[in-house]
Amino acid sequence: MNILFRGGRVFTPDGVVAEAVLMRGGVIAAVGPEGELARGPHETVDLDGGLLVPGFTDAHMHPIQAGLERAKCDLSEDFGLDAYKEKIADYAAKNPEKEWIDGGGWDMSAFPGGLPHRDHLGFLDRPAYLIQRDHHAAWVNTRALERAGITRDTPDPADGRIERDANGEPTGVLHEGAMDLVGLLTPRPTAQDLQDALADAERHLFSLGVTGWQDAIVGSYAGSDDPLPTYLAAARSGRLRARVVGALWWDRTRGMEQIEDLVARRASAEGLERFRATSVKIMQDGITENFTAATLEPYCLCGGTGLSYVDPAKLKEYVAELDRLGFQVHFHAIGERAVREALDSLEGTDPANRHHIAHLQIIEPSDVPRFAALGVTANLQPLWATHHAQMDELTLPYLGEPRSSWQYPFADLVACGTRLCAGSDWPVSDADPLQGMHVAVNRTEPGGSVHAGYPTAQTPFLPEQRIDLATVMTAYTEGSAWINRSPAGRIEPGRPADLVVLDRDPFELPPGDIWTTRVRMTFVDGEAVYERA
């Protein structure tokens, strides 16, 4: 089947310069003036003044977990204790057969000091396990603590913390590795639950123009089951349509001995068209709001310099062996010490393996040029780079200056010639790439955000770190596809016709209106997988 996309403009590697694209047999056949491409039989997709772009690839997300959470007690669209309690009570009433109340999506900024309490859930007749929006903490009730045997005498795990009151009693918040103390006791999803979660996530992502992604944790983490069998089954059956790479989880309780297992897990996906397990995810630290992000200097107000989950002295040895075996290393690094430890470990590795560091909330300025020098890609989550309640009420007071001004230095990375890719960390934050692009360009909350009413939402956050729309759109398309070794990501002849029709041309909008752009149609291999009603 031949399809001519016409009536708008096209985002190509050379910018928004073309006006039409001809697709033949699921592959881009030609790009250029409409008059030249319209000869011969074809069907037509009228862009209606909108923009045709490559399918977006999200370089860091957790879609199966997102799909599961969408089917559970989902707090992600609510804000505030009263709203959370109402949603939780309603969910409990509608699901009397459930042994546990589980789900998540609560926001730290909804609570004083970022911490809910077990007593807030005292109205429940069952144990509760609710994961924080950032997936770095869980809110549990007294019944859950009792079920897990957690008391004032329970020691903190090496990679986490049990929040306690002044008397040493657990308050109902479990940070990082402590989440497993309760999370692993919750009912396990069935194989069908996991397949349904993946299918639901894929449908949602197609509606946002996302045609590929890198799953940033393929392993068991924070009470979640290993999604590898789910991906393998979906890819082998043909149900998986998106182009996916799995980042195999580096178990921070183990060392070099796990690499043999990682090699075997990678081999289990060999030969599959839609899924490969060629990356390894190393989470080097936590997050700033609970003081687990690894910093060079102590946090203000509370002291401490966070956690390095993998011993920096051993990290370089592990990374060198993964690199030698041809694995891509995908780092989580939030604090400036974690970023430095990741960069140090990547010294001397092969840039052809396309290593990347995600999140990059804080980068000490002298480390910014090292990304380009080492051939390390910066994996951006732009939506976080704004003034919002969590940033202004928790992060900034804890970081202080000058460290607060080192956050999300997108423009500095670009100025040094750093290769960019981009993602959402969904379900931590919205999976819509266009909202992320808006923030990268404006450094303000998208006008339609649930938090847009926050007083400083439209005050640019470190505006000198803005980047232009073409740069960030390239990160979400070509940049992230490159990280995944995907053949898609560019609109040029010979590439798969993974294409997205936008309802308007964001390059012709005032920058403050980029967020209003929506997806009309999404194509994978030339077949429509989403069309807005």
Side-chain angles (χ1 to χ4, degrees), residues 1 3 5 10-13 21 23-29 31 45 47 50-64 66-67 197-216 231 234-235 238-247 272-276 278-279 379 420-426 430-437 472-503 506 517-532:
M1 179 175 65
I3 298 179
F5 296 85
V10 180
F11 183 70
T12 74
V21 170
M23 185 275 292
R24 183 180 297 119
V27 176
I28 297 169
V31 181
V45 171
L47 302 179
L51 183 69
L52 185 70
V53 300
F56 303 125
T57 298
D58 190 304
H60 184 109
M61 65 175 1
H62 313 279
I64 294 179
L198 175 56
D200 175 65
E202 186 179 62
R203 284 191 298 270
H204 179 66
L205 293 169
F206 284 163
S207 76
L208 301 175
V210 177
T211 59
W213 62 80
Q214 186 160 141
D215 190 314
Y231 278 119
R239 293 191 302 272
L240 183 65
R241 302 293 307 279
R243 305 178 195 276
V244 181
V245 165
L272 296 177
E273 181 183 359
R274 296 292 170 171
F275 177 78
R276 293 176 296 111
T278 50
S279 188
N379 187 335
L420 305 181
C421 64
S424 63
D425 209 5
W426 186 56
D430 195 324
D432 186 351
L434 292 159
Q435 306 303 297
M437 293 182 209
V472 69
M473 187 173 286
T474 299
Y476 274 103
T477 52
E478 182 178 353
S480 294
W482 184 86
I483 281 294
N484 271 9
R485 298 185 185 272
S486 168
R490 291 164 63 103
I491 295 180
E492 61 184 10
R495 299 270 184 171
D498 291 7
L499 302 169
V500 176
V501 179
L502 303 181
D503 67 353
T517 307
R518 295 290 182 268
V519 171
R520 265 185 53 211
M521 302 180 74
T522 303
F523 294 80
V524 172
D525 287 329
E527 180 181 345
V529 294
Y530 168 76
E531 185 167 2
R532 191 173 66 191

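Every value quoted in this text rests on a predicted model; they were computed, and no experiment measured them.
- We find the OG-CG distance between S424 and L208 to be 9.0 Å, quoted to the nearest 0.5 Å.
- Under the salt bridge (Lys or Arg N to Asp or Glu O under 4.0 Å) criterion, R532 pairs with D503, not counting sequence neighbours.
- Between P433 and M473, the closest side-chain pair of non-hydrogen atoms is not below 4.5 Å.
- Closest non-hydrogen pair, I483 versus C421, comes out as CG1-SG, 3.7 Å.
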Exercise for review: Before giving the answer on salt bridge (charged side-chain N to carboxylate O under 4.0 Å, His left out), spell out for E527 and R241 the whole-Å C-alpha distance, their side-chain angles and the decisive distance to 0.1 Å.
Suggested key: CA-CA 10 Å; E527 180 181 345; R241 302 293 307 279; 3.3 Å; yes
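- Between F523 and F5, the gap from one ring centroid to the other is short of 6.0 Å.
- Between F275 and G246, the shortest heavy-atom distance links the atoms CE1-N, 3.6 Å.
- Rounded to the nearest 0.5 angstrom, D425 CG and D430 CG are separated by 12.0 Å.
- Sequence neighbours left out, the pairs with a member in residues 472-481 that pass side chain to side chain donor-acceptor pair (under 3.5 Å) are E478-R490.
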Exercise for review: Apply side chain to side chain contact (heavy atoms under 4.5 Å, CB included) to Y530 and V519, showing your working.
Suggested key: CA-CA 9 Å; Y530 168 76; V519 171; 4.1 Å; yes
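- Looking only at side-chain heavy atoms (C-beta outward), R276 and L272 stay at 4.5 Å or farther from each other.
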Check your understanding: Checking side chain to side chain contact (heavy atoms under 4.5 Å, CB included) for the pair V524/L499: CA distance, chi angles, key distance, verdict?
Key -> CA-CA 7 Å; V524 172; L499 302 169; over 6 Å; no
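- Of the candidates D525, T211, N484, T57, D525 is the only one forming a side-chain hydrogen bond (donor to acceptor under 3.5 Å, both in side chains) with R243.
- More than 12 heavy atoms of other shown residues, nucleotides or ligands fall within 6.0 angstrom of atom CZ in R520.
- A side-chain N or O of S279 and one of Q214 form a donor-acceptor pair less than 3.5 Å apart.
- Two residues are said to be in side-chain contact when any heavy atoms from C-beta on lie closer than 4.5 Å; D215 and P63 meet this criterion.
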Practice item. Mind running side chain to side chain contact (heavy atoms under 4.5 Å, CB included) on I64 and Y231 for me, showing each step along the way? Key: CA-CA 9 Å; I64 294 179; Y231 278 119; 3.7 Å; yes
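- The backbone N or O of A488 lies less than 3.5 Å from no partner atom in the side chain of D498, so there is not a single donor-acceptor pair.
- Across V53 and I491, no two heavy atoms sit closer than the pair C-CD1, 3.6 Å.
- Distance check, rounded to the nearest 0.5 Å: CD of E531 to OG1 of T522 gives 10.0 Å.
- Under the 4.5 Å side-chain criterion, counting only non-hydrogen atoms from C-beta, I3 is in contact with M23.
- The two residues P506 and L51 have their closest heavy-atom pair at CD-CD2, 3.9 Å.
- In this structure, L198 CG and E202 CD are separated by 6.0 Å, a value rounded to the nearest 0.5 Å.
- Counting only N and O atoms by type, the side chains of H60 and N379 include no donor and acceptor under 3.5 Å apart.
- When side chains are defined from C-beta on, F206 does not count as touching M521, because their heavy atoms never get closer than 4.5 Å.
- Counting heavy atoms from C-beta on, the side chains of L52 and L502 never come closer than 4.5 Å.
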